[in-house]
Amino acid sequence: MNDDQIDLAHAYALDALDADQRRSVERLLASSDDALRADFEKLVRQARETMAATAAATSTPPPAHLRERLLMQIAKEPRTFPSREAAPVVLADRRRGVTRWRLVGAAAAAAALLAGGVVIGAQLRETTPPQPVAAQVMSAPDVRTSSTAVPGGGSATAVYSRSTDAAVLMMNDVTPPAADSVYQMWLIAGTGAPVSAGTMSPDQVAPSTVAVLDDLDGASLLAFTVEPSGGSERPTTDVFASLPLR
């Protein structure tokens, strides 16, 4: 799948398409070859599984008194009912392209709804706990995404934000490293030396893996190498996958 098809699969998975766009995608899939259709459906499933894992990682318990305050606020709102003679609502034709910021917008909405009532609490002017780093990235105004296929199978996606100086790394169906080795992540800024951003041992790489990088330090690239168990001070093998952080 090319980058446009990957973005389209993410949009479909996150329900970021209107009804006309969804029907267009389904018609295209129906006329596509079996291999492309299988890859598309697999990526849709992976995206949904990843969002579920991300939501679990970023959930925040709401204040105990939030429900009571919310019910009181609802009770104060005037209740209006539409007239039976009112004209039916017609949705304007929304012919717009699927852009990456829009895809992440859908992801941010899901994260916000699952972040323990943070949005509702803000509307009631309540004090809420600080959002976890992942939730801050998802809801940042400058959020971006970067995706790549991983040799040996699977894919990696970084959702990142310069304003939060952080990224959420999501890996789907990536084969774990061999025993006694790790995947090591490196942040690279321009022509500067790679800076280690952490390691993943074989037991840390699952069918859906989510990791948070909370210090991008101006990096323009997130690269991956295979290193000995415990990691290395600098890369000792060739980069096998990388994600541009533009």
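Owing to the predicted nature of the structure, the values given are computational and were not obtained by experimental measurement.
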Exercise for the section: Check the surroundings of atom CD in Glu26: do more than 12 heavy atoms from other residues, nucleotides or ligands lie under 6.0 Å from it? Expected result: yes

Practice task
Mind listing the closest non-hydrogen atom pair of Ala140 and Ser163 along with its distance?
Solution key: CB-OG, 3.9 Å

Practice task
Decide yes or no for Leu187 and Asp217: does some side-chain heavy atom of the first lie under 4.5 Å from some side-chain heavy atom of the second?
Solution key: no

Problem - Thr164 side, atom OG1; Leu216 side, atom CG - distance, nearest 0.5 Å - result: 7.0 Å

Handout entry: Set of side-chain contact (heavy atoms from CB on, under 4.5 Å) partners for Pro194, sequence neighbours left out
Key = Trp186, Ile188, Pro235

Practice task
Kindly check if the number of other-residue, nucleotide or ligand heavy atoms within 6.0 Å of CG (Asp238) is above 12?
Solution key: no

Handout entry: Side chain proximity check, Val212 to Val137, heavy atoms < 4.5 angstrom
Key = no

Handout entry: Validation row: Arg37, Asp34 side chains within 4.5 angstrom (heavy atoms)
Key = yes

Completion exercise
Smallest heavy-atom separation, Pro202 atom then Pro177 atom, equals CG-O, 3.5 Å

Exercise for the section: For Asp203, check salt bridge (Lys or Arg N to Asp or Glu O under 4.0 Å) against everything at least two apart and list the hits. Expected result: none

Practice task
Run the numbers on Gln5 and Leu8 for side chain to side chain contact (heavy atoms under 4.5 Å, CB included), then give the verdict.
Solution key: CA-CA 5 Å; Gln5 291 166 336; Leu8 194 59; 5.5 Å; no

Handout entry: Close side-chain approach of Val174 to Met200, heavy-atom, < 4.5 Å
Key = no

Practice task
Go through the structure and list residues passing salt bridge (Lys or Arg N to Asp or Glu O under 4.0 Å) with Arg23, not counting sequence neighbours.
Solution key: Asp20

Handout entry: Steps toward side chain to side chain contact (heavy atoms under 4.5 Å, CB included) verdict (Ser208, Asn172)
Key = CA-CA 5 Å; Ser208 291; Asn172 288 298; 3.2 Å; yes

Handout entry: Side chain Gln184, main chain Ser196, donor-acceptor under 3.5 Å
Key = no

Practice task
Check step by step if side chain to side chain contact (heavy atoms under 4.5 Å, CB included) holds for Val150 and Met171.
Solution key: CA-CA 9 Å; Val150 177; Met171 298 168 58; 5.8 Å; no

Handout entry: Side chain proximity check, Thr199 to Glu227, heavy atoms < 4.5 angstrom
Key = no

Handout entry: From Glu41 atom CD to Leu43 atom CG, the distance as rounded to the nearest 0.5 Å
Key = 11.0 Å

Practice task
Check the side chains of Thr209 and Gln204 for a donor-acceptor pair under 3.5 angstrom, ignoring hydrogens and angles.
Solution key: no

Problem - Within one Ile-Leu-Val-Met-Phe-Trp-Tyr cluster: Leu243 and Val205, side-chain cutoff 4.5 Å - result: yes

Problem - Residue pairs fulfilling salt bridge (Lys or Arg N to Asp or Glu O under 4.0 Å) with at least one residue in residues 160-186, sequence neighbours excluded - result: Lys42-Asp173

Problem - ring-ring contact (aromatic ring centres under 6.0 Å, His included) pairs, two or more places apart, involving residues 138-167 - result: none

Completion exercise
When rounded to the nearest 0.5 Å, the distance separating CG of Leu245 from CG of Leu221 is 6.5 Å

Handout entry: Flag, side chain of Ser146 to backbone of Pro244, donor-acceptor distance under 3.5 Å
Key = yes

Exercise for the section: Locate the shortest heavy-atom distance separating Gly231 from Val182; write the atom from each residue and the value. Expected result: N-CG2, 4.0 Å

Practice task
Decide whether Tyr12 and Gln21 meet the rule of one side-chain donor and one side-chain acceptor closer than 3.5 Å.
Solution key: no

Handout entry: Pro228 and Thr236, any side-chain heavy atoms less than 4.5 Å apart
Key = yes

Problem - Hydrophobic cluster of Val239, others only, ordered by chain and residue number, side-chain cut-off 4.5 Å - result: none

Handout entry: ILVMFWY cluster, Val168 and Leu222 together (side-chain gap under 4.5 Å)
Key = no

Practice task
Decide yes or no for Phe224 and Thr148: does some side-chain heavy atom of the first lie under 4.5 Å from some side-chain heavy atom of the second?
Solution key: no

Practice task
Enter the distance from Arg27:CZ to Leu29:CG here, rounded to the nearest 0.5 Å.
Solution key: 11.5 Å

